[in-house]
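Report on one structure; see the data block that follows.
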Amino acid sequence: MTLQQDSNLTSSDAVDDIVIRDATEADRAVIQGLLHGSLRRNYDGDHVAQADRIIDAHLGGGKDPVGHFSKTQHVYVAECGGEVVGVMNIAEKRQGTMKISPLIVNPDFRGSKGAGSALLAKSVEVARARGVRQLYGTVAEPSSWIETFYLNRGWTCGSQSNSQYRPGVVEHAIYYNVDDAAATASEPLKFEEYSPSKYEELERFLTSRMDVFVDGIDEDFVRALVAGHERRGTREVEAKYKEIYLGYESDVLSSVIAFGPKKGGAVKLMPLSATSQDALRQTLRFAQSWAEGRTHKLYTHQHVDPAVVTAFQSEMWTLEGLLPEAYAAEKVAAQWGWLPGETTHLGRNSDRLKAYTERFLTFVQDRGWDRLEEARSLAMAVGGEAGELLAELQWLSEPEVVELLRTDREFKTRVSFEAADILNYLIRLARYCEFDLIETADKKLAVNIDRFPVDEVHGLKGTRYKTGR
């Protein structure tokens with residue numbers, strides 16, 4: 001995959017000599033190598049066989065003899081200076097969608113070279129030419145930089161599945177609505193707090209729109225809602241007060257949102273309704289700006305509709321559950337939640353290691369220690385901290401270690417702190433040497449997957465394995 005390119009690239013653009021062309025039989029070996037080299041990190045299966053299957057379908061006129069949902073398959077390669085540096089397979093489905101499976105770029109050509117962006121732009125060009133409404137694909141969660149590549153180009157992260165392609169690996173589904181990307185956005189909404197002069201307008205809006213998934217939306221409901229707004233000055237949760245805002249496009253009421261604080265500090269948005277997907281997205285952004293400094297969480301209940309789901313996913317809200325018949329018979333509501341400061345999708349925790357790395361390096365820089373660093377001294381510090389970890393264990397038998405870890409909190413703390421010191425110096429060494437610690441570890445894991453085949457090393461360790469080799 002690839003990273004951080006200009007999202008406005010088209011497939012005809014040549015960035016750093018990148019050319020996108022149809023794959024040929026002569027490309028088979030390099031395509032096999034790209035799939036095997038990249039996919040084995042997070043996916044089980046025979047990736048060379050997968051490469052052969054997509055190439056054979058492509059060279060056979062785009063027909064996949066075993067793909068019952070596929071209409072056509074096409075393989076493109078990115079070429080730089082005569083060298084194939086990336087590959088993309090796109091499979092058009094009978095449902096009017098198109099899957100990218102996979103898009104891979106040689107690691108040496110990720111980043112500023114533009115191969116990934118050019119391949120992705122080609123997929124959009126082909127989708128539009130074929131009348132496809134949506135592109136989609138999947139990304140393994142450990143490859144977060146690949147997901148970032150897509151998200152930075154207008155894609156949306158839509159769902160997640162654990163252990164789908166490898167036990168323990170979470171897979172994210174991503175998509176790109178081709179027609180939405182070409183649509184012209186509406187004018188920016190202007191939001192104003194509700195006032196009594198807006199009552200009739202508010203009543204018409206809610207009674208004509210909210211019944212799509214909520215029973216009982218009538219004049220009494222609107223009067224109770226407005227009464228809650230009039231109690232907002234109490235700031236008492238048990239008073240069930242509301243803050244109501246109206247969003248206007250020009251002079252047309254296009255959205256209504258009411259903030260209702262709850263016990264525990266979360267704020268429920270109910271009602272929340274908008275006349276279009278774009279108006280809903282703008283209203284969600286307004287809600288998020290309102291929430292900063294006021295609450296640790298926003299949540300709302302909404303009807304299940306493609307435009308509504310897309311709006312919430314695009315603004316990084318998390319689908320927290322489905323509520324069948326909670327608001328109306330034979331209808332399903334969905335609960336969506338958003339945490340201020342959270343910039344990830346699907347309810348994932350933020351990247352804890354990345355967040356810690358940034359915080360720790362700031363700690364180092366604030367004290368001026370980064371100006372005193374040298375590669376040799378940092379490497380020696382890693383060794384020194386490893387020695388201190390070893391010193392905690394060196395005179396103990398393994399049963400004693402296990403028992404102390406279970407019963408002696410101070411011992412466990414000392415061991416964990418020594419391990420943390422090793423991590424801290426590794427982070428500083430990686431920063432000094434200008435490499436990404438996690439991506440490098442991921443690359444080394446890929447090497448070890450080939451070096452230690454499961455069927456040859458399972459149950460063996462150390463010298464026994466080496467002797468057997």
Side-chain angles (χ1 to χ4, degrees), residues 95-96 133-134 156 158-161 173 175 177 180 194 198-231 237-247 252-264 266-284 286-287 295 297-339 345-347:
Q95 295 74 39
R133 71 174 186 275
Q134 185 184 90
T156 298
S159 65
Q160 68 177 358
S161 177
Y175 64 90
N177 289 328
D180 290 349
Y194 167 80
K198 303 290 186 180
Y199 180 85
E200 291 185 1
E201 190 175 26
L202 173 67
E203 182 184 57
R204 285 195 301 271
F205 187 93
L206 293 179
T207 56
S208 65
R209 297 190 54 80
M210 288 292 291
D211 62 356
V212 68
F213 81 109
V214 181
D215 288 341
I217 303 299
D218 54 19
E219 294 180 9
D220 289 340
F221 168 83
V222 178
R223 280 195 292 269
L225 178 67
V226 169
H229 180 76
E230 292 171 350
R231 294 191 297 272
V237 172
E238 292 303 328
K240 292 192 173 182
Y241 72 89
K242 302 278 189 179
E243 290 187 26
I244 305 173
Y245 289 86
L246 312 181
V252 178
L253 181 59
S254 299
S255 76
V256 170
I257 182 170
F259 299 88
K262 298 293 183 179
K263 288 183 289 187
V267 174
K268 184 177 182 180
L269 309 182
M270 194 67 175
L272 166 58
S273 183
T275 56
S276 68
Q277 183 183 117
D278 185 68
L280 179 55
R281 291 187 64 177
Q282 291 192 55
T283 305
L284 292 176
F286 170 75
T295 180
K297 180 178 181 177
L298 296 175
Y299 73 99
T300 185
H301 297 151
Q302 294 290 314
H303 62 296
V304 179
D305 173 86
V308 172
V309 172
T310 299
F312 276 91
Q313 289 178 342
S314 298
E315 298 307 316
M316 298 188 182
W317 286 60
T318 299
L319 177 61
E320 297 183 329
L322 298 176
L323 308 170
E325 299 192 302
Y327 288 89
E330 299 183 358
K331 294 181 180 179
V332 176
Q335 176 163 316
W336 295 91
W338 181 80
L339 304 178
H345 289 253
L346 309 174

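Remember, it's a predicted structure, so these values are computed and weren't measured experimentally.
- Atoms CD and CD1, on Glu230 and Ile244 in that order, are 9.0 Å from each other to the nearest 0.5 Å.
- Residues passing the side chain to side chain donor-acceptor pair (under 3.5 Å) test with Ser254, sequence neighbours excluded: none.
- Residues passing the salt bridge (charged side-chain N to carboxylate O under 4.0 Å, His left out) test with Lys331: none are found, sequence neighbours excluded.
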Could you go step by step and tell me if Phe205 and Thr275 meet the side-chain contact (heavy atoms from CB on, under 4.5 Å) rule? CA-CA 9 Å; Phe205 187 93; Thr275 56; 3.7 Å; yes
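- Atom OG of Ser273 sits about 10.0 Å away from atom CD1 of Ile217, to the nearest 0.5 Å.
- Partners of Phe286 by ring-ring contact (aromatic ring centres under 6.0 Å, His included), not counting sequence neighbours, listed by chain and number: Phe191, Tyr245.
- Counting heavy atoms from C-beta outward, Lys268 and Lys242 have side chains that stay 4.5 Å or more apart.
- With sequence neighbours excluded, the residues satisfying ring-ring contact (aromatic ring centres under 6.0 Å, His included) with Phe312 are Trp317, Trp336.
- The salt bridge (charged side-chain N to carboxylate O under 4.0 Å, His left out) test applied to Lys198 returns Glu192, not counting sequence neighbours.
- Here the closest heavy-atom approach between residue Gly337 and residue Lys297 is recorded as CA-CE, 4.3 Å.
- Applying the side chain to side chain contact (heavy atoms under 4.5 Å, CB included) test to Ala326 and every residue at least two apart in sequence or in another chain returns Leu323.
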Kindly indicate, with the supporting measurements, whether the criterion side-chain contact (heavy atoms from CB on, under 4.5 Å) is fulfilled by Arg223 and Asp220. CA-CA 5 Å; Arg223 280 195 292 269; Asp220 289 340; 2.3 Å; yes
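- Under the side chain to side chain donor-acceptor pair (under 3.5 Å) criterion, Ser208 pairs with no residue at all, not counting sequence neighbours.
- A distance-only check finds a donor-acceptor pair linking the side chain of Gln302 to the backbone of Leu272 [under 3.5 Å].
- With sequence neighbours excluded, the residues that form a side chain to side chain donor-acceptor pair (under 3.5 Å) with His301 are Tyr327, Gln335.
- Taking CG from Leu202 and CG from Leu253, the interatomic distance works out to 7.5 Å, rounded to the nearest 0.5 Å.
- By the 4.5 Å heavy-atom criterion applied to side chains, Gln277 and Asn177 are not counted as neighbours.
- Scanning all heavy atoms of the two residues, the minimum distance from Pro261 to Val237 falls at O-CG1, 3.9 Å.
- Note: Gln313 CD to Tyr175 OH = 3.5 Å, rounded to the nearest 0.5 Å.
- With sequence neighbours left out, the side chain to side chain donor-acceptor pair (under 3.5 Å) criterion links Lys240 to no other residue.
- Between Thr300 and the options Leu284, Val267, Ile257, Leu269, a side-chain contact (heavy atoms from CB on, under 4.5 Å) holds for only Leu269.
- Contact between Met316 and Trp338 at its shortest, heavy atoms only, is O-CD1, 3.6 Å.
- With Glu325 contributing its side chain and Glu330 its backbone, the two residues share a donor-acceptor pair below 3.5 Å.
- Between the Glu243 side chain and the Phe259 main chain, no donor and acceptor come within less than 3.5 Å of each other.
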Would you check, one step at a time, whether the test side-chain contact (heavy atoms from CB on, under 4.5 Å) holds for Leu225 with Leu206? CA-CA 11 Å; Leu225 178 67; Leu206 293 179; 3.7 Å; yes
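- Judged as a salt bridge (Lys or Arg N to Asp or Glu O under 4.0 Å), not a single pair has a partner in residues 204-215 (not counting sequence neighbours).
- Heavy atoms only, all atoms of each residue included: Ala333 and Val304 are closest at C-CG2, 4.5 Å.
- Taking the charged nitrogens against the carboxylate oxygens, Asp278 and Arg281 have no contact shorter than 4.0 Å, which rules out a salt bridge.
- The CG atom of Leu319 sits 10.0 Å away from the CD atom of Gln160 when rounded to the nearest 0.5 Å.
- Residues Ala334 and Leu322 approach most closely at CB-CD2, 3.9 Å, considering heavy atoms.
- With sequence neighbours left out, the salt bridge (charged side-chain N to carboxylate O under 4.0 Å, His left out) criterion links Glu203 to no other residue.
- By the salt bridge (charged side-chain N to carboxylate O under 4.0 Å, His left out) test, Glu201 is found to be paired with no residue, residues two or more places apart in sequence or in another chain being considered.
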Lys263 vs Glu238, side-chain contact (heavy atoms from CB on, under 4.5 Å): CA-CA, chis, key distance, verdict: CA-CA 8 Å; Lys263 288 183 289 187; Glu238 292 303 328; 3.3 Å; yes
